[in-house]
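To start, the structure itself, in structure tokens.
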Amino acid sequence: MSTARPGKDSDLAGVGRGPLDTTEARPGISSDLAGTARAEAEIRLADAYRACRAIAAEHGRTYFLATRLLSAPRRPAVHALYAFARMVDDIVDHADASHGRQPNPAETSRQSPAKTRQSSPSAELDLIEKQLRVALDHRTPTEPVPPLHALVLAALADTVDRYAIDPAHFWTFLDSMRMDVPGTAHFRTRYATLAELREYMRGSAAAIGLQLLPVLGTVAPPAEAEPAAAALGEAFQLTNFLRDIGEDLDRGRVYLPGDHLAAFGVDDDLLAHCRHTGRTDPRVRRALAHLIAINRGVYRTADPGIDLLNPRVRPAIRAASALYAGILDRIEESGYAVFQGRAVVPTGRRLLVAGTEFVAGAFHRR
């Protein structure tokens, strides 16, 4: 497993040669010219990572706070992975508008810089996959790539090379994202069973955990840590689904298992009524309590895997896990008022958790 190169204590420490720098000293090219080209490539790569960091800081507050607990050389890679996922999310979020629905205002306010879309979201996902394959193969694009996309793809390709991340995890992720886009063969707005929902989360969440694992590093063979990494990604995603049920309903989606909801007498009409009134029906409250218990069980499954990670990254992952699980506490404390707005962990609590884990992590950095 590759590791980040040591460097100065900054988010761009260790960022250097990667897929943007293919210049080697060759016969007929002076070492000065080769060195200049290499330096320029490293500047471009640093710009790419800087763009990813800005995206992570703007759109993923809890996620970004947790990354501050990582060692500086690892942060750019995590930012690059997040920025790519966010770039794809941006396409998915706009898919509703192109099919007669407006994106949720809360989501629109957090969008990446607006882009003019002249093709369908399905075609855009296909294009993103094509562009990523070109970047991972270190080929020159044959078609124009939007500047922000080019920066994110450059940083991502460098991260994949640097940490030997299996590209298959990105194809799995993109396949799940196609399930969110009208017009694709696998599009769906409901999931009849938890097994169906988990198949979606295999790409939308578990694959993210598996992308991160080589960056975080392990003290055991990576294969031993993969089930827990996948479970933690699933746990985070389930928490998002429970928190965002109202916003998802506005988009015509329900990311909760239909059979579990039906067991408590909950159907689409009742959920729509709750969203319209802003009040949580007792039947929905019981269903949410049940699903929160399932979600906490997934966190418990993932928790032992944190001990398989590099000791220096454990505090960051424990902080992220605690902060996300804290959203479930907030849902309960609000009386399951998920139709009125998002449950948010207070800033003071976020800082306390992060600060506690930072102190713990400091001992591992000595």
Side-chain angles (χ1 to χ4, degrees), residues 62 104 106-107 176 179-180 188-209 227-306 317-318 320-346 349 353:
T62 297
N104 183 277
E107 284 297 319
S176 279
M179 295 170 72
D180 277 329
R188 60 198 314 165
T189 62
R190 300 293 187 276
Y191 295 85
T193 65
L194 186 58
E196 285 188 6
L197 185 62
R198 281 186 162 139
E199 178 58 25
Y200 169 77
M201 291 191 294
R202 186 173 74 88
S204 69
I208 303 297
L232 189 58
E234 180 180 309
F236 289 167
Q237 183 75 298
L238 275 173
T239 299
N240 284 339
F241 291 158
L242 289 162
R243 179 195 65 189
D244 298 341
I245 182 171
E247 294 177 12
D248 289 334
L249 280 167
D250 292 342
R251 300 169 58 228
R253 316 287 172 82
V254 177
Y255 292 100
L256 297 174
D259 56 348
H260 286 249
L261 294 174
F264 294 88
V266 178
D267 58 18
D268 279 4
D269 289 341
L270 182 57
L271 290 175
H273 174 74
C274 291
R275 182 56 169 170
H276 177 71
T277 62
R279 297 173 182 168
T280 306
D281 184 277
R283 289 166 289 180
V284 177
R285 193 175 293 121
R286 289 192 291 270
L288 292 176
H290 164 71
L291 291 168
I292 284 174
I294 289 176
N295 197 170
R296 287 197 172 114
V298 182
Y299 278 108
R300 287 193 295 272
T301 297
D303 188 62
I306 297 177
I317 304 308
R318 289 195 194 284
S321 181
L323 289 170
Y324 252 87
I327 294 172
L328 301 178
D329 298 333
R330 295 295 294 174
I331 292 174
E332 291 172 327
E333 292 164 4
S334 73
Y336 302 93
V338 292
F339 300 99
Q340 296 179 2
R342 282 188 169 198
V344 178
V345 177
R349 172 64 179 164
V353 170

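This one's a predicted model, so the numbers in the text were calculated from it and none came from an experiment.
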[atom1] of [X] to [atom2] of [Y]: how many Å apart, nearest 0.5 Å?
X	Y	atom1	atom2	result
Asp248	Thr189	CG	OG1	11.0 Å
Gln237	Leu242	CD	CG	10.5 Å
Leu249	His276	CG	NE2	13.5 Å
Tyr336	Ile245	OH	CD1	13.0 Å
Asn295	Leu288	CG	CG	11.5 Å

If every non-hydrogen atom of [X] is compared with every non-hydrogen atom of [Y], which pair is closest and at what distance?
X	Y	value
Leu194	Ile294	CD2-CG2, 4.5 Å
Cys274	Asp281	SG-N, 3.5 Å
Leu232	Ile317	CD2-CG2, 3.6 Å
Val298	Ala231	CG1-O, 3.3 Å
Phe339	Thr280	CD1-OG1, 3.4 Å
His260	Leu291	CB-CD2, 4.1 Å

- Scan for salt bridge (charged side-chain N to carboxylate O under 4.0 Å, His left out) pairs involving residues 189-206, sequence neighbours excluded, and state none if there are none. Arg188-Glu196, Arg190-Asp268, Arg198-Glu234, Glu199-Arg202
- Item | Salt-bridge present (Arg300, Asp303; N to O < 4.0 Å) | no
- Kindly indicate whether the side chain of Arg286, heavy atoms from C-beta on, has any atom under 4.5 Å from the side chain of Pro282.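 Result yes, sub-4.5 Å side-chain heavy-atom pair found.
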- Message: Applying ring pair (Phe, Tyr, Trp, His ring centres under 6.0 Å), can you list everything that pairs with Tyr200, at least two apart in sequence or on another chain?
- Response: Tyr191, Tyr255
- Message: Just to verify, what does Phe264 make a ring pair (Phe, Tyr, Trp, His ring centres under 6.0 Å) with, not counting sequence neighbours?
- Response: His290
- Tell me, with the steps shown, if Leu261 and Val254 meet side chain to side chain contact (heavy atoms under 4.5 Å, CB included). CA-CA 11 Å; Leu261 294 174; Val254 177; 4.2 Å; yes
- Message: Testing Asp244, Ile327, Ile292, Leu323 one by one against Thr239 for a side chain to side chain contact (heavy atoms under 4.5 Å, CB included), which residue passes?
- Response: Ile327
- Message: As a quick check of understanding, evaluate side chain to side chain contact (heavy atoms under 4.5 Å, CB included) for Arg342 and Glu247, giving each step before the final call.
- Response: CA-CA 9 Å; Arg342 282 188 169 198; Glu247 294 177 12; 3.0 Å; yes
May I ask you to decide if [Y]'s main-chain N or O and [X]'s side chain share a donor-acceptor pair within less than 3.5 Å?
X	Y	answer
Arg318	Ile306	no
Arg275	Gly246	yes
Asp267	Ala262	no

- Task: List the steps, then state whether side chain to side chain contact (heavy atoms under 4.5 Å, CB included) holds for Val266 with Leu271.
- Result: CA-CA 7 Å; Val266 178; Leu271 290 175; 3.8 Å; yes
- Task: For the pair Phe241 and Phe236, evaluate side chain to side chain contact (heavy atoms under 4.5 Å, CB included) and give the outcome as yes or no after the intermediate values.
- Result: CA-CA 9 Å; Phe241 291 158; Phe236 289 167; over 6 Å; no
